[in-house]
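None of the values given here were measured: they were computed from a predicted structure. In what follows, chains are A, B, ... by sequence order, proteins preceding strands, each numbered from 1.
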Protein chains: 2
Amino acid sequence: MKRRELDSRKELILKVVTDDYIESAEPVGSRTIARKYNLGLSPATIRNEMADLEESGYLKQPHVSAGRIPSQQGYRYYVDSLMEQQTLAAEELQMIKSYIENWSKEIDTLLQQTVRLLAQITRYPSIMLGPKLRPAVFKHIQLVPLNDYNILVLVVTNTGVIENKIITVDLPVSQGELDRISNQLNRKLRGVTLDNLKSSVLDELKTEIEARNGFIQQAVNLLQKTLETKERARIYLDGVINILEHPEFKEIEKFKPLMGMMEEEEKLYRILTAPSDEQGLRISIGEEIQEEAAQECSVITATYEMGGRVVGTIGVLGPTRMDYGHVVAVVGFMAKYLSKLLSQPE
Amino acid sequence: MKRRELDSRKELILKVVTDDYIESAEPVGSRTIARKYNLGLSPATIRNEMADLEESGYLKQPHVSAGRIPSQQGYRYYVDSLMEQQTLAAEELQMIKSYIENWSKEIDTLLQQTVRLLAQITRYPSIMLGPKLRPAVFKHIQLVPLNDYNILVLVVTNTGVIENKIITVDLPVSQGELDRISNQLNRKLRGVTLDNLKSSVLDELKTEIEARNGFIQQAVNLLQKTLETKERARIYLDGVINILEHPEFKEIEKFKPLMGMMEEEEKLYRILTAPSDEQGLRISIGEEIQEEAAQECSVITATYEMGGRVVGTIGVLGPTRMDYGHVVAVVGFMAKYLSKLLSQPE
DNA sequence: TGTTAGCACTCCCAAACGACGAGTGCTAAT
DNA sequence: ATTAGCACTCGTCGTTTGGGAGTGCTAACA
């Protein structure tokens, strides 16, 4: 898709080396290539080409008498221009189909099941960022008194996501009073996106009711604060165990930093929300991931939508030697599928 | 605490062996013991005693010319009669104290922070079973229409836990109608424990309103079903990475089954809810855990309460060679502390 | 000029080997 | 009953060794 920097024979060799290494996890040598993929070239020729590719940074050697493996730059070229798009295997579609029947209407369960499925199909750890709050449409607010000074604020959106926050008040408020406030807010706010709600509408509302009731105003303030602090959506993670199947992590010391990273929601969040110029699908290789622990990993993510608006991200984490072709297809499909599922009931 | 089956010198040796092995992770030999803990016994005597202890099943040898390590039976004896109860170190108390200030009133966040803290202090993976639904007291129900045929049912309890379920109806119901139903249910049910609610009260309510409104009855039915299927509380897990510090898991193949287990909420649930004759604190060693993958692990759990009733469990998972004395103290303390925190605002 | 065969060389890996040392059980002396 | 002494076992660790895969270079060839 990008400008081609390599002549077609070099491309061919880079592709073959990458494909083979992805499959075998072993450095691949000229002899192997000549034998396995008969390209009509002798090992010596291939050696020369590989030496060139190494010099220009697409391949590297673990040690002098080993075969070549792709460098980060090599993977990048592979991903941009060489990789073959795959389609889903029949049995994978089957797995998805059979999941559908059990797919829950509970948004939380649905998302959980979705990452699990993605991990099962790709055989890599899978991550997901739940629907963002901001583009969601306000559906309902409810104030529930837990005791005299603590009030539970529940906000329901059209995505089915429930946000909750406990607020503390100085003076006890009666149930009836809270109901009145809830009703008033509901009437005013139904159908507004939380996005707008945060800025304009709430302000407007505030001035409007200013004179009438000091307490309502306090409630509005609190609602505003609630929505601000609850910015970050939940992170889902599953299939961590899959990464242990790959030889690059057979030594525990290689795996440990990664495990540490996956236990920090903060870091997963950053990985999933890294800016991208692509539309939807994004591939980050090695150091392109801004994360110390993931220098030898790649991440493939896709955004999913709800009613035409991007609301979240789903992705897969694996070694740089990852089956890009396959994972891209699966992640893309799942994101589309999820979008459909989320948009359909509304 | 239990009947003493061993004479005091054997006990002493078993204790020393276990303590040393817990600390060093190396099989411990007679010479080491004689030198390190001067018991006034020669290596030869100790050897004889150890041979006896092995014969009666408290110790075992990894191979013939290695030192001894405790068997499962040995650990059991150690835990029941030999182990010294420890108290929390000043800096551990400090960690807890400094957490308090940030402790959230959101029940979910609070629980999450608690397992994290437990994992940090013990340096083992920590698990937690969130508050059970059944003993909780009904606080509020709200029916929110998501669209014509789907209604979101929200149930709030005094624990601050929010249960939600989407139900599908055959006929569209208006917002007003739903509000009326919500109100009616709220009036009827406030203060009832979900436990009772499930059986008697709902039935009573059903017959009472039977004649009046066919739809309400349907709602009650659905509420009933909701509470039944939402039986299982959420599982929290953190600090998995800690287990990798221990040499018994330095080979990935040893760790893999454990990782698999920890990704199955089902299995964690079973571990946390294993029946116990103890009051509160429970220690399960090796095969006592009914879980294939955890044969070489131990679990220490404690229950926590809310207003005097046991509502959940918190625990720690580690190798059988675990620092029992320390972990018991910490888990016990945290459970008590959590109970206090959960019971105080109400 | 691009391709290929041949060859010397490098270096990883796995197996074999051999001390070393920690620890044991047994026996005999105290 | 305890202990010193001793022969024996066996895992660990460092060294050695051979084999093999792969390379770069050179020279011949189309």
Side-chain angles (χ1 to χ4, degrees), chain A residues 6-14 16-21 23-71 74 247-248 250-251 254, chain B residues 6-14 16-21 23-71 74 247-248 250-251 254:
Chain A
L6 299 174
D7 66 66
S8 67
R9 196 168 72 183
K10 285 202 171 55
E11 281 195 342
L12 180 60
I13 289 182
L14 177 55
V16 167
V17 168
T18 310
D19 280 339
D20 197 84
Y21 182 61
E23 195 194 319
S24 70
E26 303 281 325
V28 15
S30 54
R31 174 178 224 85
T32 322
I33 294 181
R35 217 180 325 124
K36 209 160 150 190
Y37 315 80
N38 45 336
L39 313 177
L41 295 173
S42 77
T45 312
I46 296 173
R47 268 206 293 285
N48 288 332
E49 294 288 35
M50 292 208 296
D52 288 356
L53 281 169
E54 177 164 7
E55 188 159 16
S56 41
Y58 294 96
L59 293 180
K60 60 183 181 185
Q61 270 180 304
H63 49 263
V64 59
S65 82
R68 302 302 210 292
I69 64 177
S71 66
E248 30 270 272
K250 73 174 192 300
E251 278 163 57
K254 290 285 182 187
Chain B
L6 301 174
D7 66 66
S8 66
R9 196 168 72 184
K10 285 202 172 56
E11 280 195 343
L12 179 60
I13 290 183
L14 177 55
V16 166
V17 169
T18 310
D19 280 338
D20 197 84
Y21 181 59
E23 195 195 320
S24 71
E26 302 283 322
V28 17
S30 55
R31 172 178 226 87
T32 321
I33 293 180
R35 218 182 324 125
K36 208 158 151 190
Y37 315 81
N38 44 336
L39 312 176
L41 296 172
S42 77
T45 313
I46 296 173
R47 268 208 293 285
N48 287 331
E49 295 288 34
M50 292 208 299
D52 289 356
L53 281 167
E54 176 164 7
E55 189 159 14
S56 41
Y58 295 95
L59 293 181
K60 60 182 182 184
Q61 272 180 303
H63 50 264
V64 59
S65 81
R68 303 302 210 292
I69 65 177
S71 67
E248 28 271 273
K250 73 175 193 299
E251 278 163 56
K254 289 285 181 185

Could you tell me the separation between the [atom1] atom of [X] and the [atom2] atom of [Y], rounded to the nearest 0.5 Å?
X: A:Asp52; Y: A:Asp7; atom1: CG; atom2: CG; value: 9.0 Å
X: B:Arg68; Y: B:Arg47; atom1: CZ; atom2: CZ; value: 9.5 Å
X: B:Ile33; Y: B:Asp19; atom1: CD1; atom2: CG; value: 10.5 Å
X: B:Arg9; Y: B:Thr45; atom1: CZ; atom2: OG1; value: 6.0 Å
X: A:Leu12; Y: A:Ile46; atom1: CG; atom2: CD1; value: 9.0 Å
X: B:Glu248; Y: B:Lys254; atom1: CD; atom2: NZ; value: 10.0 Å

Which residue pairs pass the salt bridge (Lys or Arg N to Asp or Glu O under 4.0 Å) test with at least one member in residues 27-38 of chain B, sequence neighbours excluded? B:Asp20-B:Lys36
When B:Val17, B:Ile13, B:Asn48 are each screened for side-chain contact (heavy atoms from CB on, under 4.5 Å) with B:Leu53, the one that passes is B:Ile13
With respect to the phosphate group of [N], does any side-chain polar atom (N or O) of [X] fall under 4.0 Å of OP1 or OP2?
X: B:Arg31; N: C:dG21; result: no
X: B:Arg9; N: D:dT2; result: yes
X: A:Thr32; N: D:dG22; result: yes
X: B:Ser30; N: C:dT24; result: yes
X: B:Ser42; N: D:dT3; result: yes

Enclosure of B:Lys10 NZ (heavy-atom neighbours >12, cutoff 6.0 Å): yes
Listed in order of residue number, which residues of residues 44-56 of chain A have a non-hydrogen atom at under 4.0 Å from DNA chain C? A:Ala44, A:Thr45, A:Arg47, A:Asn48
For the pair made of [atom1] in [X] and [atom2] in [N], what is the distance, rounded to whole Å?
X: A:Gln61; N: C:dC9; atom1: CD; atom2: C1'; value: 14 Å
X: A:Glu26; N: D:dA21; atom1: CD; atom2: P; value: 12 Å
X: B:Leu41; N: D:dA1; atom1: CG; atom2: P; value: 15 Å
X: A:His63; N: C:dC12; atom1: NE2; atom2: P; value: 6 Å
X: A:Lys36; N: D:dG22; atom1: NZ; atom2: P; value: 11 Å
X: B:Arg68; N: D:dG11; atom1: CZ; atom2: C1'; value: 16 Å
X: B:Lys60; N: C:dT24; atom1: NZ; atom2: P; value: 16 Å
X: B:Ile13; N: C:dT24; atom1: CD1; atom2: P; value: 11 Å

Between the axis at one end of the helix from C:dT1-D:dA30 to C:dT30-D:dA1 and the axis at the other (five pairs apiece), what's the angle to 10 degrees? 20°
